[in-house]
**Student:** 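Mind having a look at this structure? Questions to follow.
Every chain is numbered from 1, with letters handed out A, B, ... down the list of sequences.
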There are 2 protein chains.
Amino acid sequence: MNIRDLEYLVAVSETLHFGQAARRCFVSQPTLSGQIHKLEQELGATLFERTNRSVHVTPIGQKIIGHARQILEQAEVIRSLGNTQNDPLAGPLRIGAIHTLSPYLVPLFMLELQHQHPELSLELTEATTDQLIIKLREHQLDGALLATPPPGEDLDEIRLFKEPFWLAHPRDHHYYNKDEVSLSDLKDEKVLLLSQEHCLSEQIINACKIDSRDVSNPIPRLNASSLETLVQLVGMGLGVTLVPALSVHGGRLATDRVILREVRIPDAFREVRLVYRTTFPREAALKVFSDIICGVLPNTVT
Amino acid sequence: MNIRDLEYLVAVSETLHFGQAARRCFVSQPTLSGQIHKLEQELGATLFERTNRSVHVTPIGQKIIGHARQILEQAEVIRSLGNTQNDPLAGPLRIGAIHTLSPYLVPLFMLELQHQHPELSLELTEATTDQLIIKLREHQLDGALLATPPPGEDLDEIRLFKEPFWLAHPRDHHYYNKDEVSLSDLKDEKVLLLSQEHCLSEQIINACKIDSRDVSNPIPRLNASSLETLVQLVGMGLGVTLVPALSVHGGRLATDRVILREVRIPDAFREVRLVYRTTFPREAALKVFSDIICGVLPNTVT
DNA sequence: TTTTGGTAATAGATAATACCGATCAAAGTA
DNA sequence: TACTTTGATCGGTATTATCTATTACCAAAA
């Protein structure tokens with residue numbers, strides 16, 4: 001049994017004429033006759049009672065044709081699912097982002113995305129890099145906005161932008177009078193960090209060339225889980241820190257007691273990427289998504 | 001798209017393993033891989049996200065698999081319709097019978113048929129020969145119990161039995177004292193007949209060698225539409241008539257005023273047949289039906 | 001680091017079959 | 001009688017589903 005054969009079957013049942021049915025199905029009449037005959041033999045039932053001049057549907061043929069119609073309908077649904085919903089933008093795209101990025105980046109592109117591609121809906125998740133990687137590999141996410149390269153061959157990336165780290169120091173700090181702050185200026189400072197699971201911590205450690213075993217400059221590992229908290233601690237004079245440029249851009253970190261400023265430290269940036277499974281089939285959706293993001297970025301990042 | 005391919009699709013979706021799915025479908029793994037790949041290309045959508053180690057169903061794949069399942073269900077229904085209901089006895093058999101036969105023959109076989117083949121249900125129709133032939137050719141009937149041969153190549157017959165004509169004469173008729181009544185005895189009698197559309201009339205005319213244009217023996221054409229009425233007329237002394245043996249057997253024609261008896265007239269019988277379209281596919285049902293009839297006949301017919 | 005086991009994908013050959021054009025046989029029509 | 005229309009049949013061709021053998025790849029074990 002074959003879907004094509006069932007089309008022949010229904011065509012004959014509607015035309016009651018093998019030749020017309022054949023034309024409708026774009027095959028020759030012998031082909032259609034043969035396939036109907038084959039189908040009848042396979043089913044072990046006569047579907048049409050036919051003479052040289054007339055074709056009649058048998059009762060059992062009538063029943064079978066009913067089910068055949070349902071099959072053809074379902075097949076048509078499948079084809080349309082393939083062809084129309086084939087639009088890779090359609091359907092929700094499940095995106096994750098790390099904590100130090102999500103609150104500042106998402107508001108930037110959401111409106112624009114909705115405006116330019118209303119058919120592409122996002123399901124957003126916020127988690128740490130490790131958690132996002134796991135969800136990616138478990139197919140719970142389609143893409144993840146990370147600041148670290150993909151950790152395996154099974155994952156690929158689209159590089160989005162470089163995000164410099166800005167310096168946050170108390171207003172009453174002696175930096176306030178300096179035009180520029182350089183790497184060497186940081187050596188004697190306490191640099192406050194987020195807890196270890198945030199990738200930002202290690203990146204700042206690297207940027208500042210801090211040796212975490214250096215006893216002369218113990219790093220206070222605070223359990224601050226958000227940049228907001230961290231900056232509040234800076235305002236209280238517990239130390240200084242580096243924050244990603246986008247978090248400054250939003251204005252949500254600003255307080256009277258903290259200065260947020262650029263620094264001239266080489267490699268003091270992180271690179272934000274969209275990471276996804278190499279096997280993920282809707283690359284076009286990822287492309288659109290990343291293009292939107294790159295289009296709405298402020299000058300502070302590149 | 002192909003029903004077989006959809007089976008592959010569902011098998012993979014359930015096992016999430018191409019090799020296992022292939023074994024379940026009794027094909028090799030490359031075959032299954034190839035067909036899935038072909039299906040994906042045809043639909044223009046990725047149904048499975050797969051690496052060398054894992055297989056995942058995509059969201060659109062999930063949708064399509066749902067419809068594929070429905071198709072497989074329907075296909076299974078069609079196969080079972082073909083194979084189980086393939087039993088040619090199943091399903092109603094639409095049978096017609098002429099007026100002079102139906103009331104007397106049907107009661108004879110109905111119980112036996114229901115007993116021996118409860119799965120074979122009858123839809124009975126009573127009409128004249130011409131009407132039954134039309135219904136046969138219009139596929140409104142599957143078979144007709146007639147007393148005349150099939151009138152065309154498109155119809156065939158199963159001969160069932162020969163039914164002699166019995167004589168019906170008034171009790172006070174001079175035949176009453178004769179041991180036997182022969183053809184010559186009928187010459188001077190008024191032979192009552194049913195109306196013309198009943199084939200019985202012409203058969204009796206032929207049997208009695210009556211010349212319908214013979215003025216010395218005018219045939220009273222009564223509009224009697226039933227044998228009962230006809231016999232009542234005989235009882236009233238209007239003439240004699242011949243009736244089929246089965247109608248006597250039932251006892252429903254018996255009245256005090258009429259004698260029903262065998263006659264020794266050559267060819268005074270009719271042959272009852274089951275007539276059907278040569279193209280009718282359920283010959284087995286017709287065979288069973290006619291065998292039942294032949295098995296329940298009384299001795300008066302052969 | 002190499003080996004082993006298991007996965008899906010690929011290549012090449014073969015068998016099954018869907019298809020077509022030409023033709024036939026039967027039946028109705030001019 | 002000749003012509004048309006019908007579904008069925010036949011022989012050859014092109015497609016394709018299938019197989020075996022193999023490859024490429026990855027992960028876990030040695």
**Student:** Here's a test for you: under side chain to side chain contact (heavy atoms under 4.5 Å, CB included), which of Val275(B), Leu286(B), Asp291(B) qualifies with Ile158(B)?
**Tutor:**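 The single option meeting the side chain to side chain contact (heavy atoms under 4.5 Å, CB included) with Ile158(B) is Leu286(B).
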**Student:** What is the ring orientation for Phe109(A) with Phe289(A), classed by angle as parallel under 30°, tilted 30 to 60°, or perpendicular over 60°?
**Tutor:** perpendicular
**Student:** Whole angstroms only, please: what is the CD1-C1' distance between Ile36(A) and dA8(D)?
**Tutor:**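 So the two atoms are 13 Å apart, to the nearest Å.
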**Student:** Think Lys38(A) has a side-chain N or O under 4.0 angstrom from the OP1 or OP2 of dA18(C)?
**Tutor:** yes
**Student:** Whole Å only: how far is the CD atom of Gln41(B) from the C1' atom of dT16(D)?
**Tutor:** 15 Å
**Student:** Can you pull every protein N or O that's under 3.5 Å from an N or O on nucleotides 24-27 of chain D?
**Tutor:**
unit_1, atom_1, unit_2, atom_2, d
dC25(D), O4', Asn52(B), ND2, 3.2
dC25(D), O2, Asn52(B), ND2, 3.4

**Student:** Roughly, in whole Å, what's the span from CD in Gln35(B) to C1' in dA17(D)?
**Tutor:**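 Result: 6 Å.
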**Student:** Using heavy atoms and a sub-4.0 Å distance, could you list which residues of residues 3-17 of chain B are near DNA chain D? By number, please.
**Tutor:** Arg4(B), Tyr8(B)
**Student:** Please work out which of the three classes, parallel, tilted or perpendicular, describes the rings of His139(A) and His56(B), given edges at 30° and 60°.
**Tutor:**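 Because their plane-to-plane angle is under 30°, the rings of His56(B) and His139(A) count as parallel.
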**Student:** Should Glu40(B) and Lys38(B) count as an ion pair when the cut-off is N to O under 4.0 Å?
**Tutor:**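 Looking at Glu40(B) and Lys38(B), the cut-off is not met.
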**Student:** If you apply the rule salt bridge (charged side-chain N to carboxylate O under 4.0 Å, His left out), what do you find for Lys162(A) with Glu271(A), and how did you get there?
**Tutor:** CA-CA 4 Å; Lys162(A) 291 178 177 168; Glu271(A) 187 155 13; 5.0 Å; no
**Student:** Quickly work out the Arg23(B) CZ to dC19(D) P distance and round it to whole Å.
**Tutor:**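 For the pair Arg23(B) CZ and dC19(D) P, the rounded distance is 13 Å.
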**Student:** With Tyr8(B), which residues qualify under ring-ring contact (aromatic ring centres under 6.0 Å, His included), at least two apart?
**Tutor:** none
**Student:** Would Arg270(B) and Thr148(B) count as having a side-chain donor-acceptor pair, cut-off 3.5 Å?
**Tutor:** no
**Student:** Quick check on dC19(D): is either OP1 or OP2 less than 4.0 Å from any side-chain nitrogen or oxygen of Ser28(B)?
**Tutor:**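 Affirmative; the distance criterion is met.
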**Student:** Quick one: do Glu123(A) and Arg94(A) make a salt bridge, cutoff under 4.0 Å?
**Tutor:** no
**Student:** Would you mind reading off the distance between Glu49(A) atom CD and dG7(D) atom P, rounded to a whole angstrom?
**Tutor:**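 The answer, rounded to whole Å, is 15 Å.
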**Student:** Thr51(A) near the nucleic acid: base, sugar-phosphate alone, or nothing, with a heavy-atom cut-off under 4.0 Å?
**Tutor:** sugar-phosphate
**Student:** Do Gln35(B) and Thr31(B) meet the criterion of a side-chain donor-acceptor pair at a distance under 3.5 Å?
**Tutor:**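 Result is no, nothing qualifies.
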**Student:** Taking N or O atoms only and anything under 3.5 Å, show me the protein contacts with nucleotides 9-15 of chain D, one pair per line.
**Tutor:**
none

**Student:** Roughly, in whole Å, what's the span from CZ in Phe18(A) to P in dA25(C)?
**Tutor:**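 So the CZ-P distance, Phe18(A) to dA25(C), works out to 20 Å.
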**Student:** My understanding is that only residues two or more places apart in sequence, or in another chain, count here; which of them pass ring-ring contact (aromatic ring centres under 6.0 Å, His included) with His99(A)?
**Tutor:**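 Per chain and number, His99(A) pairs via ring-ring contact (aromatic ring centres under 6.0 Å, His included) with His198(A).
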**Student:** Whole angstroms only, please: what is the CG-C1' distance between Asn2(A) and dT16(D)?
**Tutor:**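 Atom-to-atom, Asn2(A) to dT16(D), this comes out as 12 Å.
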**Student:** Provide, to the nearest angstrom, the distance between the CZ atom belonging to Arg137(B) and the P atom belonging to dA27(C).
**Tutor:**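 One finds 12 Å between P of dA27(C) and CZ of Arg137(B), rounded.
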**Student:** In residues 65-73 of chain A, what donor-acceptor pairs under 3.5 Å come from side-chain atoms, sequence neighbours left out?
**Tutor:**
unit_1, atom_1, unit_2, atom_2, d
His67(A), ND1, Gln74(B), OE1, 2.7
Arg69(A), NH1, Glu14(A), OE2, 2.6
Gln70(A), OE1, Gln74(B), NE2, 3.2

**Student:** More 5' along DNA chain C: Phe26(A) or Gln20(B), using each one's nearest nucleotide?
**Tutor:** Gln20(B)
**Student:** Please determine, by modelled atom types, if Arg282(B) and Thr58(A) share a side-chain donor-acceptor pair under 3.5 angstrom.
**Tutor:** no
